[in-house]
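Please read the structure below before turning to the comments.
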Amino acid sequence: MVTLIERYRSFLPVTDATPALTLGEGNTPLLRARQLEQQLGCRLFLKVEGMNPTGSFKDRGMVVAMSLALERGAGSVLCASTGNTAASAAAYAAASGLRCTVVLPAGYVAPGKLAQALVYGARIVAIDGSFDRALELAREAAERSGAELVNSVNPFRLEGQKTAAFEICDTLGRSPDVLALPVGNAGNITAYWKGFREYREVGKTGNLPMMWGFQAEGAAPLVNGAPVDHPQTVATAIRIGRPARGNEALAAARDSGGLLAAVSDEEIMEAYRLVASCEGVMCEPASAAPIAGLLRRVRTGHDLSGLTVVAVLTGNGLKDPATALASFTEPETVPAELSAVLRALAATA
Ligand code: AN7
């Protein structure tokens, strides 16, 4: 197996002294979404980042940040998280023999993510406060304790995450015309934009994509132009009111001729069900934001025809079963008889 770090070594801040570390991250599928294309009018690919070892894109950045923490002789790592960063940090810390502490907003982390952090053996600090407060506390605690901060304020996280842009270009033979993704703390949009630009510098792509970032309406500081003190959205992964990389995200949207826009929770849930039922890919609610954003653009009269669009499905839907089940009525229990099954078959025929 060629690891992510080996494959893109010349673009990464690693040396021969950097310990080798991998859980099999990266090399995720880029799927053609032929059913959704009919609604959108563009050529659409899904970058399925939920196929990473802990079920989200965070693993790309975490493997680089953790390798370098190991190289520097760190004993423990620390992060704030809406859930996925915590799961990823906990897994890579376990594989590295490092202690891991995660600071989470109590009550707003999807159960699958919490379960991951617990099982991988992280220490969990659930605060009575938001992600933004958790990040503030984690930054201060890292400074005082000497623990390595592995949030995306850590530049090595972005170095790893930019490899997703490389993979997309390697598969398509060029950059897409549009890269659509959810935006929370704004690390990922910053990393993708860096990746595409670096690939163009070395001639691996001739063009650059427009960066289209989507936030949830109740947590849209970059769209509103002001921090949000009490962010709210069903997409808990992006329930963030003061994005650490906000300025970089604004620059990426501006410099690429792209945009930052908001979508409602209803639109997110509609897109979440649609991508699963049309394409067979179950992502988490936050990851459906770019699909919701594309649908809204088409419905408000924008023509996407002729464009090659890549939507990044950042996290795996299995992390958040509660939200999935809440949007459906539970199937009724019937007698264990053939007639019941035949009735159901006839009803769906
Ligand atoms: C599925 O785990 O911030 O804009 O603490 O989990 O780079 O923050 C997660 C963010 C999109 C937003 N999709 O990415 C965390 C955390 C999913 C996510 C985002 C997150 P950024």
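Counting convention: from 1, in listed order, for ligands and their atoms alike. Keep in mind the model is a prediction, meaning the values are calculated, not measured.
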May I ask you to list the atoms of ligand 1 that are less than 4.0 angstrom from any heavy atom of [X]?
X    : answer
I240 : 3 (O)
F131 : 5 (O)
G83  : 2 (O)
V183 : 4 (O)
E284 : 1 (C)

What I want to know is whether [X] and ligand 1 share at least one N or O pair that is separated by under 3.5 angstrom.
X    : answer
G187 : yes
T85  : yes
G184 : yes
S81  : yes
Q161 : no

Determine whether the side chain, the backbone, both or neither of [X] has a heavy atom under 4.0 Å from any heavy atom of ligand 1.
X    : result
R245 : neither
L181 : neither
A186 : backbone
N151 : neither

Could you check if a side-chain atom of [X] sits within less than 4.5 angstrom of a side-chain atom of [Y], using non-hydrogen atoms only?
X    : Y    : result
K162 : W193 : no
I238 : T82  : no
D170 : R7   : yes
R273 : F328 : yes
L259 : F214 : yes
F156 : S67  : no
R133 : E136 : yes
N84  : T314 : no

Under a 3.5 Å distance rule, please check whether S88 uses its side chain to pair with a backbone N or O of M62 as donor and acceptor. no
Looking at ligand 1, would S56 count as a contact under a 4.0 Å heavy-atom criterion? no
On a heavy-atom basis, I'd like to know which of A86, A237, S88, S152 is closest to atom 18 (C) of ligand 1. A237
Group every Ile, Leu, Val, Met, Phe, Trp and Tyr by side-chain heavy-atom contacts under 4.5 Å, then state whether L208 and I189 land in the same group. yes
Starting from [atom], find the nearest protein heavy-atom neighbour and note its residue, name and distance.
atom                    : answer
atom 7 (O) of ligand 1  : N188 N, 2.8 Å
atom 10 (C) of ligand 1 : K58 NZ, 3.1 Å
atom 6 (O) of ligand 1  : N84 ND2, 2.7 Å
atom 5 (O) of ligand 1  : T82 N, 2.8 Å
atom 19 (C) of ligand 1 : I238 CG2, 3.6 Å
atom 13 (N) of ligand 1 : T314 OG1, 2.6 Å
atom 8 (O) of ligand 1  : N185 N, 2.7 Å
atom 14 (O) of ligand 1 : F57 CZ, 3.5 Å

Can you tell me which residue among V48, L46, L172 is in a side-chain contact (heavy atoms from CB on, under 4.5 Å) with L30? L172
Are R9 and E6 within salt-bridge range, i.e. N to O under 4.0 Å? no
Among side-chain atoms of S264 and E267, is any donor-acceptor pair under 3.5 angstrom? yes
Kindly assign one of parallel, tilted or perpendicular to the pair F166 and F11, based on the angle between their ring planes and the thresholds 30° and 60°. tilted
